[in-house]
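I have placed the structure first, in the form of structure tokens, so that the comments after it can refer back to it.
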2 protein chains.
Amino acid sequence: MSKQAEFAVILKMNPMFADLGADELQRLSNLCHTQHLANGEVLFQKGDAGDALFGVRRGQIRIETGASDGSRLTLNFMGPGDLFGEVAVLDGQSRTADATAGEASELFVLRREDFLAFLEREPKVAIKLIALLCQRIRWQSERMEESMLQPLPVRLARRLCALAADFGSEVHISQEQLGVFVGAARESVNRQLQAWRKDAILDLQRGRILLKNMTRLTSIARNE
Amino acid sequence: MSKQAEFAVILKMNPMFADLGADELQRLSNLCHTQHLANGEVLFQKGDAGDALFGVRRGQIRIETGASDGSRLTLNFMGPGDLFGEVAVLDGQSRTADATAGEASELFVLRREDFLAFLEREPKVAIKLIALLCQRIRWQSERMEESMLQPLPVRLARRLCALAADFGSEVHISQEQLGVFVGAARESVNRQLQAWRKDAILDLQRGRILLKNMTRLTSIARNE
DNA sequence: GGAGAAGTGTGTCATAAGTCACATAACTTT
DNA sequence: AAAGTTATGTGACTTATGACACACTTCTCC
């Protein structure tokens with residue numbers, strides 16, 4: 001399979017490009033380049049211009065940010081098949097976090113200028129994209145308000161489910177970072193996790209959470 | 001001033017269309033119609049297809065929703081110069097609330113099909129719009145999380161400031177509805193308002209709040 | 001292998017805000 | 001004007017969660 005075809009598959013998996021036609025997708029993915037990163041190499045830093053969209057072909061990219069106290073917090077891990085920077089490539093705003101390779105990696109790169117030129121040639125795609133961004137806006141404004149008003153267990157369960165969807169039932173994250181994710185104190189996170197461990201919903205290890213009963217966890221996430 | 005020129009001014013005031021060029025704006029506003037509504041007439045209801053964007057030329061439109069207990073809650077008042085349905089016109093999703101005329105009104109109407117055809121003819125505008133929607137997505141995801149984590153007084157002050165911007169220092173809203181706005185219990189809203197009344201920041205009447213010291217209120221909204 | 005750092009577990013306390021209960025005040029309807 | 005209805009004011013209680021304090025464990029590095 002060609003590099004471009006491989007990239008097309010990744011794009012197709014992302015909701016933002018999911019309802020593009022096969023022909024449109026193909027013309028779009030023809031614009032991509034690839035880029036290699038050594039372990040630890042920096043892809044971009046907070047403040048850099050958002051001039052491209054990336055898809056992970058192999059390896060791992062860590063999205064992290066320097067907290068105000070100087071410590072680093074990992075916000076996300078992107079593995080093969082993951083796409084990131086979709087919003088930046090569209091609006092060109094500067095990056096809001098750093099990205100570094102967690103291992104030797106190869107990325108698909110779609111540059112902003114190429115993408116914009118493509119949209120100008122294919123306004124129908126631009127319109128589809130607009131509809132999609134609108135959906136996202138609606139979705140955000142519905143979920144966010146709702147979501148933040150939910151009690152901690154629900155927020156926590158939702159986040160764990162989301163992480164599990166990406167990385168399987170063994171989530172590698174510290175309770176501290178989990179607290180940042182869900183906007184709660186580390187201690188509160190710990191207490192909730194303890195309760196769930198007693199209920200055999202999950203198991204805890206240093207820097208790791210093992211989801212044992214996703215069924216119950218998702219039902220908590222749905223707020224019973 | 002022609003109807004179209006008047007509409008162009010309203011569009012220009014909305015962030016979503018603010019950075020369109022004068023020529024683009026003119027061609028866009030040429031697509032508008034007008035529509036008259038008698039007092040109490042229904043413009044659209046929850047679930048209707050979002051097939052147009054509206055601008056208020058004169059009169060008042062109430063955006064309201066039937067709460068689960070059957071009572072009606074007014075979510076917003078739109079006065080002359082206000083624009084609503086910007087998102088619906090782009091993505092065509094169904095309305096999430098009802099809109100009825102609070103008095104005899106005249107509206108500018110920009111139909112979705114006309115707008116989409118326009119975007120297809122002018123892909124540069126579509127791209128500007130995409131950038132704008134992205135900004136909005138970023139802004140939402142930044143603000144929302146932050147905003148809901150703010151203590152009640154801050155959220156309340158922000159909402160009051162926003163309402164004041166639209167309707168001047170006399171905000172016509174019940175404390176119950178204000179509670180829905182900021183996601184808090186009516187009683188908590190009342191207690192906070194009482195405290196502010198003691199501090200001469202505002203005055204309370206049945207169904208009405210009189211802002212007396214916007215300076216202090218905005219400083220509370222900024223969280224000191 | 002010892003020292004320190006980073007992550008985790010848990011108790012105690014303070015506080016913001018929700019809930020319930022009821023009083024009062026202001027409009028509406030008949 | 002009497003009665004009902006809606007909006008507001010306020011006290012008492014409960015609860016979730018953040019804050020602090022500190023013990024304990026596991027990793028890392030010299």
Side-chain angles (χ1 to χ4, degrees), chain A residues 40 64 66-74 145-160 163 170-199 201-210 220 223-224, chain B residues 64 66-74 145-160 170-199 201-210 220 223-224:
Chain A
E64 42 188 22
S68 43
D69 61 351
S71 69
R72 301 200 62 71
L73 283 174
T74 301
E145 305 208 27
E146 170 202 330
S147 173
M148 302 304 287
L149 295 175
Q150 296 297 326
L152 180 104
V154 176
R155 275 148 49 206
L156 200 52
R158 284 184 184 169
R159 182 63 69 164
L160 284 175
L163 289 170
E170 181 172 326
V171 179
H172 173 104
I173 188 176
S174 83
Q175 299 178 7
E176 173 87 43
Q177 291 181 15
L178 201 46
V180 175
F181 272 159
V182 302
R186 193 213 94 225
E187 294 93 324
S188 303
V189 170
N190 180 264
R191 275 184 260 266
Q192 184 57 57
L193 292 177
Q194 293 300 328
W196 283 337
R197 188 176 56 169
K198 285 191 187 64
D199 290 352
I201 292 175
L202 46 74
D203 228 334
L204 297 174
Q205 291 174 16
R206 182 190 175 84
R208 216 183 319 239
I209 299 171
L210 310 168
I220 293 168
N223 206 353
E224 267 66 17
Chain B
E64 42 187 24
S68 43
D69 62 351
S71 69
R72 304 200 58 71
L73 284 174
T74 301
E145 305 208 25
E146 170 203 330
S147 175
M148 302 303 288
L149 295 175
Q150 295 298 324
L152 175 73
V154 176
R155 275 147 50 206
L156 201 52
R158 284 184 185 170
R159 183 64 69 164
L160 284 174
E170 181 172 325
V171 178
H172 173 104
I173 188 176
S174 82
Q175 298 179 7
E176 173 86 44
Q177 291 181 15
L178 201 48
V180 175
F181 272 158
V182 302
R186 194 212 93 226
E187 295 92 323
S188 304
V189 170
N190 181 266
R191 277 184 258 265
Q192 184 56 56
L193 292 177
Q194 294 299 328
W196 283 338
R197 187 176 57 168
K198 285 192 187 64
D199 290 353
I201 291 175
L202 47 74
D203 229 334
L204 297 174
Q205 293 174 15
R206 183 191 175 84
R208 216 183 318 239
I209 299 170
L210 310 168
I220 293 167
N223 207 353
E224 269 67 15

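Each chain gets a letter, A, B and so on, in the order its sequence line appears, and its residues count up from 1. In what follows, every heavy atom counts, from backbone to side chain, and hydrogens, waters and symmetry copies are set aside.
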Without hydrogens or angle criteria, can the side chains of B:R197 and B:Q194 be said to hold a donor-acceptor pair below 3.5 Å? yes

What heavy-atom pair brings A:V154 and A:I220 nearest, and what distance separates the two atoms? CG2-O, 3.8 Å

Among C:dA21, C:dT8, D:dA7, which nucleotide sits nearest the side chain of A:S174? C:dT8

D:dG9 OP1/OP2 closer than 4.0 Å to side-chain N/O of B:Q175: yes

Candidate nucleotides D:dC20, C:dT8, C:dT19, ranked by approach to the side chain of B:R191 - the nearest: C:dT19

Using atom CG of A:L156 as one end and atom C1' of D:dA16 as the other, report the distance to the nearest whole Å. 14 Å

Whole angstroms only, please: what is the CZ-P distance between A:R206 and C:dA6? 10 Å

Any non-hydrogen side-chain atom of B:L160 less than 4.5 Å from a side-chain atom of B:L202? yes

May I ask you to verify if any side-chain N or O of A:S188 is less than 4.0 angstrom from the OP1 or OP2 atom of D:dG18? yes

Look at all strands and tell whether B:G179 reaches a base, only sugar-phosphate, or nothing, counting heavy atoms closer than 4.0 Å. nothing

Tell me whether the side-chain N/O atoms of B:N190 come closer than 4.0 Å to OP1 or OP2 in D:dT8. no

Nearest heavy atoms of A:P153 and A:Q192, plus distance in Å: CG-OE1, 3.3 Å

Heavy-atom nearest nucleotide on DNA chain C for A:R186 versus B:Q192: which residue maps closer to 5'? A:R186

A:Q194 near the nucleic acid: base, sugar-phosphate alone, or nothing, with a heavy-atom cut-off under 4.0 Å? sugar-phosphate

Is there a donor N/O on one and an acceptor N/O on the other, under 3.5 Å, for the side chain of A:R208 and the base of C:dT8? no

